[in-house]
Protein chains: 2
Amino acid sequence: MLNRNRIVTAAVELIEREGADAVSMRRIAAELGVGVMSLYNHVPSKAALLDAVAEDVLSRIGFTDDPSAHWTERVRIQARAFRRIAHHYPRSTMVVVSRQLSSTAGLLPVERALATLREAGFDGREAVRMLRMFIAYVVGSLLREVGVTPTFAPVRADAIIAEVDPALFPVVSELRPHLDSCDHDEEFEFGLELLVQAMAVRAAARADAQAGRGAGERGGGRAGHGGARQ
Amino acid sequence: MLNRNRIVTAAVELIEREGADAVSMRRIAAELGVGVMSLYNHVPSKAALLDAVAEDVLSRIGFTDDPSAHWTERVRIQARAFRRIAHHYPRSTMVVVSRQLSSTAGLLPVERALATLREAGFDGREAVRMLRMFIAYVVGSLLREVGVTPTFAPVRADAIIAEVDPALFPVVSELRPHLDSCDHDEEFEFGLELLVQAMAVRAAARADAQAGRGAGERGGGRAGHGGARQ
DNA sequence: GCGTGTCACGTACGCTGTACGTACGTCAAT
DNA sequence: ATTGACGTACGTACAGCGTACGTGACACGC
C-alpha cells in the first residue's frame, strides 16, 4: 500500500543516493514500483513533496537536551545536533535550506532554543535575535560544508592552485595553504565557540545592568565591551 | 550580435523579474530575440550559464574600502557591501548561494577581507577562520532575508498565528510577537555587531598574549572571557 | 444489487535541455 | 575571382519532465 510516508522516504533515499537533480516523479515511482500518477493520490505536487522532504529531515533532529547543563553548553549541543543531521543527509539538507517551508515541523528545536536563551537571562526580544543570528551562522556553515558553498570557502584546491596572481592577490596567495585545507569540524567549533562567548558577554552585561549601578563598573563584561569598541 | 555577456545579463534580468524557475534556454533566447540553439555558441550548457550568472552577480559587489578606518569598521563595511548586492539581486542571490562555483570571481572581496583581518592582528590561520565564520553568518542571514529561509526565521506570520499550541510550545507562543516581526536591517546589524565585538575580543586577547605575561591579567578581554565561561 | 469512495494506473499535453545537421556570412589562400 | 575553412544563427528532433484527465478495480453502507 502506497502512502505519503513511503513516498517521502523514497525521495530522501533517492536524493542522498543520486543527488537532488536525479529526483523526478517518474524516478520515485519506479523506485517504489508504482505508476507515476499514483504518487499524486498522496502528494499534491512535486514542490509539496520536496517540502515534505525538508520537513522530514528537519524532524529527525535528535534532541538530547540536558536541563542540568550550563546554558552555554546546551547551546553548543543544540547546534551540533542540527549539524549532525545535516551531515547525515547532506544532499537533502540542501533541499531543506533552499526551500521556504512554512510548516511547524522543526518548531520543537526553536522552542528548546528559545527556552535555553530565556534561561540565560535574555529577554524575549534578545532571545529571538540571538536565535536568528545563531541559525544564520549554523545554516551558513552547513551550506559551506555540505558542498554548496557560496564561493571561495574550502576553495576547489588543485584546480586554481596556480591561477592566483600573487601580485593581484598577495594576501590570498600567502594564505593559500590555509584556504585550501578546511577541517570542517574545527572550523565549526571555532565559530560556535566565538558566538557562544559573544552571547555570554552580552548575558553578563545584562546581568550587570540589572544587578544595580553600584557594582556596575567591575571589570568583566564592561571592559570586554570597551576593548571591543576601541 | 549575440555574445556571452548579453546572454548572462538577460538571464539575470529574467531571474529577477520572474524568478529562477522561469529561466529556460528557450525563454532567454526569446528575450534576446534569437533561436534557442544560438545560445549554445556562447555558453556550453545551462548549468554553465547559471554559474556565469553567479559569477556576474558576485563581481558586482561594490568596494568602498577605506584603509584609514578602524579594522572593525572596515569589516562592517565589507559585510554591508555584500548584503547590498544580495538585496539588489535577491533572486539571483539564491542562485549564487545554491551553486558551487569554482571561479576566481569574487576573489577580490576575499583578498580585502583577509588583508583587513591580518591588519587586525590575526595570524593567517585565524584570519581565514574569522573570514569563514563571517561568510557563514552573512550567507545564512541573506538566505533568511532573501525569502528562502531554512525554517522558522521570520515565520509565515498570519498563517500559523493560531496553530501553535501554548501547552506544547509555551516559549514560542509567548514570544510570538517577536517571532512574527523581523526588521532585517536591525537583525543583521545586531549579529554583525556581536560578531565584530567577539572578533575584537579575540584580537585583544592575542595582543595581550603577545605583549608579554606581565600585564596579562588586566581587566579587558580577559575578564570578558572569564565571565563568558562561567 | 447499488451507488459512493478510494486508489492505482495509462494516456496525453506542453514544457524542458540539448545533440545534430544545415545555411549563411566573412576572411585567407590560391 | 574562386575556393575552402570557419564561425555563427537557426530548425528539427528526441528523451525526459510535471501533471490534468479519464478508466477500471476494489471495499463499503444501504
Side-chain angles (χ1 to χ4, degrees), chain A residues 1-57 91-92 94-103 148, chain B residues 1-57 91-92 94-103 148:
Chain A
M1 177 68 165
L2 202 53
N3 63 40
R4 186 184 147 106
N5 245 319
R6 290 223 304 141
I7 295 175
V8 172
T9 303
V12 172
E13 282 174 8
L14 183 57
I15 290 174
E16 292 306 325
R17 186 153 27 88
E18 306 196 21
D21 287 347
V23 174
S24 78
M25 297 305 268
R26 283 171 169 80
R27 196 79 173 63
I28 294 173
E31 211 83 9
L32 291 167
V34 302
V36 193
M37 292 315 289
S38 307
L39 302 177
Y40 287 88
N41 287 323
H42 308 271
V43 163
S45 71
K46 185 186 182 182
L49 172 56
L50 291 181
D51 282 344
V53 166
E55 199 172 321
D56 186 62
V57 170
R91 302 174 125 160
S92 303
M94 290 314 303
V95 174
V96 176
V97 149
S98 63
R99 191 151 276 277
Q100 169 102 299
L101 64 139
S102 57
S103 84
V148 182
Chain B
M1 176 70 163
L2 201 54
N3 64 39
R4 187 185 146 104
N5 244 320
R6 290 222 304 141
I7 295 175
V8 172
T9 303
V12 172
E13 282 173 7
L14 182 58
I15 290 174
E16 292 307 325
R17 185 151 29 87
E18 307 196 19
D21 287 347
V23 175
S24 79
M25 297 305 266
R26 282 172 171 80
R27 196 77 175 64
I28 293 173
E31 210 84 8
L32 291 166
V34 301
V36 193
M37 292 317 288
S38 308
L39 302 177
Y40 285 89
N41 287 323
H42 309 270
V43 163
S45 70
K46 185 186 182 183
L49 172 56
L50 291 181
D51 282 343
V53 165
E55 198 170 321
D56 186 63
V57 170
R91 302 174 125 159
S92 304
M94 289 314 303
V95 174
V96 176
V97 149
S98 62
R99 191 152 277 276
Q100 169 102 297
L101 65 138
S102 57
S103 85
V148 182

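Reminder, nothing fancy here: chain letters follow the sequence lines and each chain counts from 1.
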* To do: Specify the separation, in whole Å, of atom CG of A/N41 and atom P of D/dC26.
  => 17 Å
* When rounded to the nearest 0.5 angstrom, what distance separates CD in A/E18 from CD1 in A/I15? -> 11.0 Å
* **Minimum-distance nucleotide (side-chain atoms of B/V36 versus D/dT19, D/dA9, C/dT18)** => C/dT18
* Asked: What nucleotide, of C/dT18, D/dA9, D/dT19, holds the atom closest to the side chain of A/R26?
  -> D/dT19
* In whole angstrom, give the distance that lies between atom CG of B/L50 and atom C1' of C/dT16. => 14 Å
* Between C/dA8, C/dT18, D/dT19, spot the one nearest the side chain of B/K46, thanks. => C/dT18
* B/A11 backbone acceptor or donor facing B/E31 side chain under 3.5 Å -> no
* To do: Find out whether A/V23 and A/V95 are in side-chain contact, i.e. whether some heavy atom of one side chain is under 4.5 Å from a heavy atom of the other.
  => no
* Please report, rounded to the nearest Å, how far the C1' atom of C/dG17 is from the CG atom of A/D21. => 12 Å
* Structure fact -> Which of C/dT18, D/dT8, D/dT19 is nearest the side chain of A/M25? It is D/dT19
* **Presence of A/S38 side-chain N/O under 4.0 Å of C/dC7 phosphate oxygens OP1/OP2** => no
* Atom CG of A/L39 and atom C1' of C/dC7: how far apart are they, to the nearest Å? -> 12 Å
* Of all the choices, D/dA20, C/dC20, D/dA9, which nucleotide is nearest to the side chain of A/M37 once you look at every atom? -> D/dA20
* To do: Would you indicate, yes or no, if C/dA8 has its OP1 or OP2 atom less than 4.0 angstrom from a side-chain nitrogen or oxygen of A/H42?
  => yes
* Asked: Which whole-number value in Å describes the distance from B/L2 CG to C/dG25 C1'?
  -> 15 Å
* To do: Would you kindly give the CG-to-C1' distance between A/N3 and C/dT6, to the nearest whole Å?
  => 14 Å
* Quickly work out the B/Y40 OH to C/dG21 C1' distance and round it to whole Å. => 17 Å
* Please give, in whole Å, the distance from D/dT8 C1' to B/R6 CZ? -> 14 Å
* To do: Flag the pair B/V8 / B/E55 as yes when at least one side-chain heavy-atom distance between them is below 4.5 Å, and no otherwise.
  => no
* Between D/dC10, D/dC21, C/dA8, spot the one nearest the side chain of A/M1, thanks. => C/dA8
